[in-house]
Amino acid sequence: MDSKLYIHNSLTRKKEAFKPLNSPQAGMYVCGPTVYGDAHLGHARPAITFDLVFRYLLHLGYKVRYVRNITDVGHLEDDADEGEDKIGKKARLEKLEPMEIAHFYSDRYHRNMDQMNVKVPSIEPQASGHIIEQIEMVKQIIDAGYGYEVNSSVYFDVQKYQNDTKKYGELSGRVLEELKANTRELEGQDEKKNPFDFAIWKNAAPEHIMRWPSPWGQGFPGWHMECSAMSTKYLGEKFDIHGGGMDLLFPHHESEIAQSVAANGNEPAQYWMHNNMVTINGQKMGKSLGNFITLNKLFNGEHNLLERPYSPMTIRFFMLQAHYRSTIDFSNEALNAAEKGFKRLMKTLDTLEKIQPANESTVSFKELEKKCYEALNDDFNSPVAISQLFEASRIINSLKDGSEKIAKKDLDDLKAFFKSFTVDVLGLEPEEKVKEKNDELLSRVIENILQVRQEAKQNKDFQTADKIRDALKEAGISIKDRKDGADWSVEE
RNA sequence: GGUCUCGUGGCCGAGUGGCUAGGCAGUGGUCUGCAAAACCAUGUACGGCGGUUCGAAUCCGCCCGAGACCUCCA
């Protein structure tokens with residue numbers, strides 16, 4: 001397969017032509033959530049970004065295996081020895097099994113993803129279900145000489161790795177010498193040969209509830225092991241795309257590369273993609289800063305920063321209106337604008353079905369379609385693609401008004417083009433649960449009422465006409481007059 | 001302190017050496033019994049100061065401002 005897709009590779013900091021290792025197969029691994037709390041706007045970003053990548057690759061005809069993990073083992077909260085497992089801590093505080101916590105929040109995460117029309121990945125592996133694979137990989141790293149055991153914990157020997165491969169820091173731009181100077185001194189670090197070494201298997205203190213047996217004793221896998229082990233298991237030692245948030249670049253992804261190179265002898269991913277952060281008042285939205293807004297609160301409006309609720313699809317559209325590598329700033333104003341824009345596109349989707357073909361075309365959409373492809377081929381530039389759809393929207397409205405004409409064949413092409421980009425690729429669909437719109441019965445009732453109103457209008461009985469319109473409005477149905485009748489729609 | 005990114009019109013947000021981004025809001029108009037929608041028109045935008053160039057918002061330098069990573073974080 002030969003597409004002209006270019007992807008910005010964090011590894012080289014350049015846009016590179018996308019050439020999958022085994023075209024038309026394409027493999028993608030994305031770091032998913034740690035399930036110890038509700039997903040917030042920040043979590044929506046990678047989910048939607050890589051959903052777009054997934055959808056577009058599928059659209060181009062690739063057979064994509066998309067793996068997005070669920071971290072249910074819980075990373076350490078503080079430093080090595082004093083730290084406590086996030087999920088374990090929550091479990092202890094709430095007197096629940098860690099698995100109960102993880103299951104509860106994965107469930108809610110899935111619901112949120114569903115609401116935002118994020119496609120289900122091909123595989124969604126859980127870290128806790130892959131302890132054996134992680135232990136095996138730790139063994140491989142030890143066998144290769146890059147792991148050492150101290151007090152039932154195993155650490156990665158960064159200095160040796162750097163001496164042998166010169167690769168440490170290639171992704172994040174870190175320089176080991178500088179890291180040495182800057183790494184803060186922590187208690188309990190004396191187990192490590194060097195402060196920048198990281199744990200690949202950690203001994204569990206007696207009170208640590210999440211623990212598994214291993215050749216080194218009771219413990220749990222290191223912070224970065226799960227992604228290395230699970231990506232290797234499901235996508236192979238080498239695969240095409242690895243994605244995640246920019247904040248994971250270092251140390252998480254840098255460590256993943258080191259682990260894979262140490263264990264398998266080669267780099268895991270060809271292309272590394274990183275989405276930028278969501279900011280709020282110019283500052284990163286994050287758990288540790290406590291300035292996050294959960295998706296559930298966005299959807300129901302219950303947060304002091306929210307003027308009102310915003311729908312899941314508004315959030316999706318809001319995200320797609322910015323390029324994934326730019327920061328995106330949250331504000332009520334921006335969300336309001338996104339909501340209106342989204343509705344406009346959705347209305348166009350509806351309008352498209354009402355256009356009557358003519359015997360000739362006065363408009364062409366070929367150029368817009370071409371630009372949509374160019375935009376998405378250029379590192380998934382969704383905002384530019386969307387701007388083309390708005391252009392199309394304007395022309396489609398003119399077709400409906402009758403100021404432009406379109407032939408049957410062109411109309412079919414137009415429908416295919418507009419729907420495939422809007423619905424299939426960008427994943428933008430009407431979210432009204434108000435499918436009553438299509439409800440036969442309601443439809444017939446309304447049509448009858450409108451017929452009466454039309455007669456009233458013809459008799460210049462505007463009082464009655466307005467009364468009908470107001471009454472319908474009251475019932476949640478809005479009327480928009482045309483020259484020869486009226487359109488109606490169900491209000492949200 | 002080190003590494004890196006960004007600064008675009010009222011708001012959001014693309015672009016990147018010369019050719020309209022787009023959305024939202026505003027203004028004027030068309031249409032309409034009214035309303036809404038739609039369509040048409042409309043904005044001395046590119047942080048500041050220098051430099052390169054026939055030409056820079058776009059390249060280079062300096063300055064100012066904001067942010068990210070360096071610790072778990074999407």
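Sequence lines set the chain letters: A, B, ... in the order given, protein chains first and strands last, and positions in each chain run from 1.
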Plane angle bin for A/Phe198 and A/Phe156 - parallel if under 30°, tilted between 30 and 60°, otherwise perpendicular | parallel
Side-chain donor/acceptor of A/Arg394 to base of B/C39, under 3.5 Å = no
For A/Phe462, report the nucleic acid contact type (base, sugar-phosphate, nothing); a contact means any heavy atom under 4.0 Å.
-> base
Do any side-chain nitrogens or oxygens of A/Asn336 fall under 4.0 Å of OP1 or OP2 in B/A25?
-> no
base_contact_polar (B/A35 base, A/Arg469 side chain, donor-acceptor, <3.5 Å) | yes
Is the number of heavy atoms from other residues, nucleotides or ligands within 6.0 Å of CG (A/Asn281) greater than 12?
-> no
Measure up the A/Tyr168 and A/Tyr161 rings against each other and bin them: parallel (under 30°), tilted (30 to 60°), perpendicular (over 60°).
-> perpendicular
Closest-nucleotide 5' rank along RNA chain B - winner of A/Gly244 and A/Asp401 = A/Asp401
Between B/U20 and B/U3, how far is it from one P atom to the other, in whole Å?
-> 41 Å
For A/Glu391, which contact category applies under a 4.0 Å heavy-atom criterion: base, sugar-phosphate, or nothing?
-> sugar-phosphate
Would you say B/A25 has OP1 or OP2 under 4.0 Å from some side-chain N or O of A/Lys340?
-> yes
Select base, sugar-phosphate, or nothing to describe what A/Ser398 touches, counting heavy atoms under 4.0 Å on all strands.
-> sugar-phosphate
Assign A/Leu41 to base, sugar-phosphate, or nothing according to its heavy-atom contacts below 4.0 angstrom with the strands shown.
-> nothing
Salt-bridge contact A/Asp487-A/Lys400 (side-chain N to carboxylate O under 4.0 Å) = yes
Using the P atom as the reference point in each nucleotide, state the distance between B/C11 and B/U53 in Å, no decimals.
-> 36 Å
Nearest-nucleotide 5' precedence on RNA chain B, A/Ser331 against A/Asn275 = A/Ser331
Touch check for A/Gly341, heavy atoms < 4.0 angstrom, all strands: base, sugar-phosphate only, or nothing?
-> sugar-phosphate
Can you figure out which of B/A74, B/G33, B/U3 approaches the side chain of A/Lys457 most closely?
-> B/G33
Spacing between A/Ile468 atom CD1 and B/A36 atom P, to the nearest angstrom | 20 Å
Once you apply the 3.5 Å cut-off to both distances, tell me the Watson-Crick or G-U wobble partner of B/U32, or none.
-> none
OP1, OP2 of B/A38 versus side-chain N and O of A/Lys347: anything below 4.0 Å?
-> no
From the candidates B/A74, B/A38, B/U3, the one with an atom nearest any side-chain atom of A/Asn397 is B/A38
In Watson-Crick or G-U wobble terms, with both distances under 3.5 Å, the base opposite B/G7 is B/C64
Under 4.0 Å between any heavy atoms, over every strand shown, what does A/His40 touch: base, sugar-phosphate, or nothing? Just pick one.
-> base
Can you say whether the rings of A/Tyr324 and A/Phe50 are parallel (under 30°), tilted (30 to 60°) or perpendicular (over 60°)?
-> tilted
Base-pairing assignment for B/A37 (Watson-Crick or G-U wobble, both under 3.5 Å) | none
Is any NZ, NE, NH1 or NH2 atom of the basic residue among A/Lys371 and A/Glu374 found under 4.0 Å from an Asp or Glu carboxylate oxygen of the other?
-> no
Between B/A74, B/G23, B/G67, which nucleotide has the shortest distance from any of its atoms to the side chain of A/Gln283?
-> B/G67
Which of the following nucleotides, B/C4, B/C12, B/G33, is nearest to the side chain of A/Arg13?
-> B/C4
Aromatic A/Tyr36 / basic A/Lys287 pairing, under 6.0 angstrom, 45° off normal | yes
If we ignore angles and hydrogens, is there a donor and acceptor under 3.5 Å between the side chains of A/Asn377 and A/Tyr56?
-> yes
Quick one: label A/Lys473 by what it contacts on the DNA or RNA (base, sugar-phosphate, nothing), any heavy atom closer than 4.0 Å.
-> nothing
Classify the nucleic acid contact of A/Leu248 as base, sugar-phosphate or nothing, counting any heavy atom under 4.0 Å across all strands shown.
-> sugar-phosphate
Watson-Crick or G-U counterpart of B/U44, or none if no pair lies under 3.5 Å | none
For A/Arg344, which contact category applies under a 4.0 Å heavy-atom criterion: base, sugar-phosphate, or nothing?
-> sugar-phosphate
Using the P atoms only, state how far B/U71 lies from B/A66, rounded to an integer number of Å.
-> 24 Å
Consider the side chain of A/His323, meaning its heavy atoms from C-beta on, and name the nucleotide among B/A74, B/A14, B/C69 that approaches it most closely.
-> B/A14
A/Asp481 side-chain proximity, nearest of B/A74, B/G13, B/G33 = B/G33
Base, sugar-phosphate alone, or nothing: which one does A/Met277 contact when heavy atoms must sit under 4.0 Å apart?
-> base
Among B/G23, B/G33, B/A14, which nucleotide sits nearest the side chain of A/Val384?
-> B/A14
Can you tell me how far P in B/A37 sits from the matching atom in B/G26, rounded to whole Å?
-> 10 Å
Is A/Ser326 near enough to B/G13 that one of its side-chain N or O atoms lies under 4.0 angstrom from OP1 or OP2?
-> no
Looking for any heavy atom pair under 4.0 Å, which part of the strands does A/Asp487 touch: base, sugar-phosphate only, or nothing?
-> nothing
Considering only atom C1', compute the distance from B/G23 to B/U8 and round it to an integer number of Å.
-> 15 Å
In whole Å, what separates the C1' atom of B/A35 from that of B/A45?
-> 35 Å
Is A/Val175 touching bases, backbone alone, or none of the nucleic acid, heavy atoms closer than 4.0 Å?
-> nothing
Touch check for A/Gln388, heavy atoms < 4.0 angstrom, all strands: base, sugar-phosphate only, or nothing?
-> nothing
Can you tell which of B/G23, B/G13, B/A36 lies closest to the side chain of A/Gln321?
-> B/G23
What orientation do A/Phe390 and A/Phe317 show, parallel under 30°, tilted 30 to 60°, or perpendicular over 60°?
-> perpendicular
B/G33 base to A/Asp466 side chain: any donor-acceptor pair below 3.5 Å?
-> yes
Scanning all shown strands, the Watson-Crick or wobble mate of B/C54 with both distances under 3.5 Å is B/G18
When rounded to the nearest Å, what value does the distance between P atoms of B/C34 and B/G29 take?
-> 15 Å
Step-by-step ring-ring contact (aromatic ring centres under 6.0 Å, His included) determination, A/His130 to A/Tyr234 | CA-CA 11 Å; A/His130 297 76; A/Tyr234 297 113; 5.5 Å; yes
State whether the distance check finds a donor on one side and an acceptor on the other, under 3.5 Å, for side chain A/Asp329 versus base B/C12.
-> no
What does A/Asn276 touch in the nucleic acid at a heavy-atom separation under 4.0 angstrom: a base, only the sugar-phosphate, or nothing?
-> base
Please measure how far the P atom in B/A74 lies from the corresponding atom in B/C70, and state the result in whole Å.
-> 13 Å
Considering only B/C24, B/C70, B/A14, which nucleotide approaches the side chain of A/Ala337 most closely?
-> B/C24
